[in-house]
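Side chains are part of it too, since the values below use all heavy atoms of this structure and drop only hydrogens, waters and symmetry mates.
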Amino acid sequence: MKNILKHIKFIPVVLLLLVSCEDLDLAPENQFTDSNYWTSVDKAQTFLNTAYSQMQTSQYFFYNEALSDNAFNGRGDNAGAASIGAGIYDPSLGRIKDEWNNRYAGIKTCNLLLENIDRVPNADATVIARMKAEARFLRAFQHFQLTTWFGDIPLIAKDPSLTEATTVSRTSHAEVIASILSELDAIIPALPKNTQLATSDRGKITMGAAVALKARVLLYEGKWDDVVKTVEPFIAMSYGTYSLFPSYEGLFQQQNEYNSEDILSLQYVPQFRMWGEFFDMAPLSAGARLNALAPTQELVDSYLMLNGKRINEAGSGYNENDPYINRDPRLTNTVVYDKYNWKEGDGSSHIIYIKPGTSVGNPTDEFVQGSSSTPTGYYTRKYYDTQHLTSLQSGLNLMLFRYADILLMYAEAKNELNQMTSAVWDQTIKPLRTRAGFSDTAALSFNNTLGQTGLREVIRNERRTEFAMEGLRIFDIRRWKTAEVVLNGYAHGAKFGVSSVDNGYLRVNLRTFDPEKHYLWPIPRDERLINTNLSQNPNW
């Protein structure tokens with residue numbers, strides 16, 4: 001059963017909310033903030049639903065992968081992924097402006113609700129308190145996304161006047177982070193645990209979601225002690241009941257929405273609110289029109305062998321001529337490769353032939369330079385909705401926070417504190433690999449001989465393969481300061497080339513990442529033209 005967030009219509013005035021920083025106070029608030037609007041909890045909930053809808057887009061969710069070394073945006077410049085991924089963007093790029101505008105629009109929605117919801121007559125105080133807590137979470141989330149991309153940003157704690165909106169200055173990143181953490185600490189007690197949610201409330205922000213966001217903020221800031229202190233009670237189920245869903249493949253299917261691993265998701269429902277990115281991601285023979293987002297060879301190479309070894313390690317058993325056998329099963333659950341057995345919801349299946357000249361009467365999916373097929377030799381499987389509608393439209397929820405991340409945050413923090421032990425491994429990495437389908441003792445056992453540095457690489461790679469095509473990789477390589485390594489040089493595709501260059505692996509896209517400027521996005525040009533108090537980031 002789909003929840004209340006999916007069926008209550010969003011307020012039509014959302015388009016009147018902030019469209020850029022200079023419009024912070026230009027929306028005609030008398031149309032929706034006077035006593036004629038704030039007359040019932042249902043109307044307030046509709047307003048809050050708008051704030052939920054502004055939290056993230058499906059396009060950003062998927063195409064953020066192409067900002068990293070996991071994927072390539074080969075057609076168009078969807079969400080600025082081609083420009084940013086290649087390092088050829090400037091402060092006028094549409095994605096930069098939209099990220100700024102849309103997130104401040106979400107902040108404005110939250111502020112307007114917080115400043116007006118107490119006007120609702122005869123409302124249950126507990127209900128209002130919870131709605132306020134949800135709005136404060138959403139506001140904190142938007143500020144967190146902004147400061148992660150831009151560094152110092154305007155911290156907007158109340159809806160500003162016109163003068164304030166056009167003269168606001170940037171608040172330091174440290175102060176923004178402190179404010180976010182303070183907000184989360186304040187609202188956690190006012191939110192319910194996931195076990196306390198009514199079926200009709202599924203998808204709403206819970207205590208667990210607020211703690212998960214807090215942990216992610218601390219993780220990105222490298223506050224390892226605080227990460228441990230935050231996630232240990234989470235793992236002990238102090239904030240709700242969570243566990244790994246038994247099937248990695250099933251985790252991303254519509255019939256398993258709201259499973260034990262789902263902490264907070266973007267909410268969708270067939271017919272009412274849908275997303276359609278797979279129309280440009282799936283194999284063409286599965287109903288896609290073309291391929292605009294394709295996994296890279298670098299991502300494929302990151303998946304371990306079933307014995308736990310990297311493909312280039314001695315004794316791994318990797319066969320370059322048969323590269324997809326005996327690999328981490330998450331590879332098959334995430335990436336579509338040559339001769340992949342594509343399964344549909346009705347039980348039917350067919351083979352995907354991608355290598356040129358190997359198809360048996362159906363060359364639809366074959367790699368052809370400049371065609372509508374994959375530019376890398378790979379398509380995407382994870383999040384393919386077997387219950388999709390026309391043009392691969394989907395009502396499948398997209399998970400922003402899941403329990404696997406809690407475990408990996410804990411493992412990373414413990415290792416950075418040089419406290420990684422067999423017990424921590426067995427609590428974090430081992431269950432993730434077991435769920436994925438590993439059974440070899442060497443892959444599941446803690447290897448203390450690796451030391452802190454070796455274990456760091458293991459944990460980081462585990463994050464990559466566990467969350468591939470979920471939009472998180474770009475944030476990891478930025479906070480680890482490894483983007484300057486993995487985003488400089490060519491992104492590659494499958495070994496379909498005939499040239500000896502790169503040993504026959506397709507050269508897909510030449511990328512540049514300047515560590516002196518690209519770790520922070522530039523403040524949008526249009527914003528600085530309107531508001532001269534907005535300084536620019538270094539070297540932009």
Side-chain angles (χ1 to χ4, degrees), residues 62-63 65-66 70-76 78 81-82 249 252-253 275-303 319-325 327-394 396 468-469 491-499 502 504-509:
F62 288 110
Y63 281 90
E65 282 294 278
N70 276 357
F72 171 56
N73 174 200
R75 288 170 180 82
N78 299 309
E249 179 182 21
F252 307 100
Q253 288 297 306
W275 56 270
E277 274 67 28
F278 258 83
F279 202 30
D280 296 330
M281 291 171 61
L284 306 190
S285 64
R289 62 180 170 184
L290 53 80
N291 187 265
L293 183 65
T296 61
Q297 185 66 43
E298 283 76 15
L299 172 61
V300 172
D301 287 347
S302 70
Y303 288 89
N319 180 359
E320 193 174 30
N321 296 316
D322 197 359
Y324 311 119
I325 63 168
R327 301 291 291 277
D328 180 343
R330 288 173 292 194
L331 171 60
T332 301
N333 299 145
T334 305
V335 177
V336 180
Y337 42 79
D338 185 48
K339 295 184 177 62
Y340 187 98
N341 185 27
W342 183 270
K343 300 176 183 178
E344 290 290 356
D346 61 4
S348 64
S349 64
H350 68 277
I351 302 300
I352 305 294
Y353 295 98
I354 306 177
K355 188 174 183 179
T358 62
S359 69
V360 183
N362 183 12
T364 307
D365 300 310
E366 280 191 9
F367 167 80
V368 178
Q369 191 78 42
S371 74
S372 296
S373 66
T374 166
T376 68
Y378 299 105
Y379 297 95
T380 306
R381 177 66 185 191
K382 183 188 282 188
Y383 271 115
Y384 175 75
D385 185 1
T386 57
Q387 300 179 36
H388 66 80
L389 301 182
T390 305
S391 300
L392 303 187
Q393 288 288 303
S394 175
L396 175 62
M469 306 309 291
H492 293 88
K495 194 175 183 180
F496 295 162
V498 295
S499 170
D502 293 332
Y505 289 93
L506 297 170
R507 278 188 167 185
V508 175
N509 182 231

Evaluation steps, side-chain contact (heavy atoms from CB on, under 4.5 Å), between Asn291 and Ser373: CA-CA 5 Å; Asn291 187 265; Ser373 66; 5.9 Å; no
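- If you check the side chains of Glu298 and His492, you find a donor sitting under 3.5 Å from an acceptor.
- Side-chain contact between Val368 and Pro356 is absent, with no heavy atoms from C-beta onward closer than 4.5 Å.
- Note that CE of Met281 and CZ of Phe62 are 5.0 Å apart. Values are rounded to the nearest 0.5 Å.
- Scanning for side-chain contact (heavy atoms from CB on, under 4.5 Å) contacts around Asn321 gives Asn319, with sequence neighbours left out.
- Residue Asn509 holds its CG atom at 11.5 Å from OG1 of Thr376, rounded to the nearest 0.5 Å.
- In this structure, the ring of Trp342 has its center no less than 6.0 angstrom from the ring center of Tyr379.
- A 6.0 Å sphere centred on NZ of Lys343 holds no more than 12 heavy atoms belonging to other residues, nucleotides or ligands.
- Checking each of Phe252, Tyr337, Tyr340 against Arg381 for a side chain to side chain contact (heavy atoms under 4.5 Å, CB included) leaves exactly one that passes, namely Tyr340.
- Here Glu366 does not pair with Lys355 in a salt bridge; the nearest charged N to carboxylate O distance is not below 4.0 Å.
- When the shell of 6.0 Å around CD of Glu320 is examined, it contains more than 12 heavy atoms from other residues, nucleotides or ligands.
- A heavy-atom distance below 4.5 Å is found between the side chains of Tyr303 and Thr334.
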Pair Leu392-Asp385, side-chain contact (heavy atoms from CB on, under 4.5 Å): steps then yes or no: CA-CA 8 Å; Leu392 303 187; Asp385 185 1; over 6 Å; no
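- Checking Asn73, Asn70, Thr296 one by one against Glu65, the side-chain hydrogen bond (donor to acceptor under 3.5 Å, both in side chains) holds for a single residue, Asn70.
- The side-chain heavy atoms of Asp280 and Tyr63, taken from C-beta on, include a pair separated by under 4.5 Å.
- Paired with Lys339 under the rule side chain to side chain contact (heavy atoms under 4.5 Å, CB included), one option of Asp322, Ile354, Thr358 passes, and it is Thr358.
- Residues Phe72 and Leu293 are not in side-chain contact: their nearest non-hydrogen atoms beyond the backbone lie 4.5 Å or more apart.
- Between Val336 and Thr380 there is no side-chain heavy-atom pair separated by less than 4.5 Å.
- Remark: the Tyr378 side chain and the Gln297 side chain contain an N/O donor-acceptor pair separated by less than 3.5 Å.
- A 4.5 Å side-chain heavy-atom check between Leu299 and Met469 finds at least one atom pair inside the cut-off.
- Looking at Thr364 and Tyr353, their side chains never come closer than 4.5 Å, going by heavy atoms from C-beta outward.
- Separating the OH atom in Tyr324 from the CG atom in Asp338 is a distance of 6.5 Å, to the nearest 0.5 Å.
- Using modelled atom types, one finds a donor on one side chain and an acceptor on the other under 3.5 Å when comparing Ser285 with Asp365.
- Take Thr390 and apply the side-chain contact (heavy atoms from CB on, under 4.5 Å) test, not counting sequence neighbours, and it matches no residue.
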